[in-house]
Amino acid sequence: MTMRLDYLSIFPGYFDVLDISLLGKAVDNGLVEVHAHDLRDWTHDRHRTVDDTPCGGGAGMVMKPDPWGEAFDGIIGIEPDPSVHVIFPTPSGIPFTQSAAQELSTVERVVFCCGRYEGIDHRVIDYARTMWTVHELSLGDYVLNGGEVAALAITEAVVRLIPGFMGNPESLAEESFSPGQERLLEYPLFTRPVSWRGMDVPEVLMSGHHGRIAEWRREESLLLTRDRRPDLTD
Ligand SMILES: N#Cc1c(-c2ccc3ccn(Cc4ccc(CN5CCCC5)cc4)c3c2)n[nH]c1N
């Protein structure tokens, strides 16, 4: 299966980075195809206007619905198709999680709608919900300037789960937040040299005793999780 990824943004250059590294490999081997679009290509005025003042007052500007609607018509089409998943990154979205990434990794087409300013006219989201499967997602409780960085993060989390993307799929199963995994943070990692600037790799990791190593790693994960993410231990 090839996953088609479309990105609608007034800064489509953000997505040039998807040609690099592992994601670039996924594009090369046909696992994903990436299309970035400039929302301003669907404006018709001299200034290629995409924003206007908020109805009801308030600070900042809101993205006009017209360019989004015309872009949808051109990029996705005018017929409803629930197999198309449209993602609106937004501060008011549902927190994006590994399970959401897992679900999205099986989808054949995803369209990211990257807002800017204070956000997108809500009718755009309401219209999209009548046509496609819509996800309003948030990366976390901090403020970004637009949806592009969130779209890149969601893309990376999803694409790495596509069968055939990762060289060693078994490693995915062991990761924190993977399905079936206890919700623990990952233990500290070490590699050679064994001694570096007066600090040594924990002896147990050099013992070759797999049982003791597993026990040490679990204990370290438990300590780290209790200290940094007590919410995961509920
Ligand atoms: N995913 C994700 C996100 C985003 C995100 C995603 C998409 C857009 C589009 C525009 N912005 C900028 C912005 C910033 C603050 C606000 C809050 N409002 C302003 C006035 C009253 C409250 C609204 C928009 C975005 C931010 N931020 N943080 C995340 N985890």
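Sequence positions, counted from 1, serve as the residue numbers for this chain. All values below come from the heavy atoms of this structure, side chains included, with hydrogens, waters and symmetry mates left out. Start at 1 and go down the list; that is how both ligands and their atoms are numbered.
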Closest protein heavy atom to [atom], given as residue, atom name and distance to 0.1 Å:
atom                    : answer
atom 5 (C) of ligand 1  : Pro91 CD, 3.6 Å
atom 15 (C) of ligand 1 : Val143 CG1, 3.5 Å
atom 18 (N) of ligand 1 : Glu118 OE1, 4.0 Å
atom 26 (C) of ligand 1 : Leu144 O, 3.4 Å

Of His37, Arg40, Glu148, which meets side chain to side chain donor-acceptor pair (under 3.5 Å) against Ser9?
-> Glu148
So which of Thr233, Asp227, Asp231 actually passes side chain to side chain donor-acceptor pair (under 3.5 Å) with Arg229?
-> Asp231
Going by distance only, is there an N or O of [X] that falls short of 3.5 Å from an N or O of ligand 1?
X      : result
Pro89  : no
Tyr142 : yes
Gly140 : yes

Would you say the side-chain atoms of Glu136 and Thr90 include a donor-acceptor pair closer than 3.5 Å?
-> no
His44-Glu70 side chain donor-acceptor pair, cut-off 3.5 Å = yes
NZ/NE/NH1/NH2 to OD/OE distance under 4.0 Å, [X] and [Y]:
X      : Y      : answer
Arg116 : Asp51  : no
Arg109 : Asp81  : no
Glu186 : Arg217 : no

Please work out, at 4.0 Å between heavy atoms, whether the side chain, the backbone, both, or neither of [X] comes within that distance of ligand 1.
X      : value
Ile120 : neither
Thr90  : backbone
Tyr117 : backbone
Asp141 : neither

Pair Trp42 and Phe72, ring centroids less than 6.0 Å apart = no
How many angstroms lie between atom SG of Cys114 and atom CG of Leu144, to the nearest 0.5 angstrom?
-> 11.0 Å
Hey, does Gly93 sit under 4.0 Å from ligand 1 if you only count heavy atoms?
-> no
Within less than 4.0 angstrom of ligand 1, does Phe88 place any heavy atom?
-> no
Looking at Asn145, which atoms of ligand 1 are within less than 4.0 Å of one of its heavy atoms?
-> 10 (C), 11 (N), 12 (C)
Protein heavy atom under 4.0 Å of atom 20 (C) of ligand 1 | yes
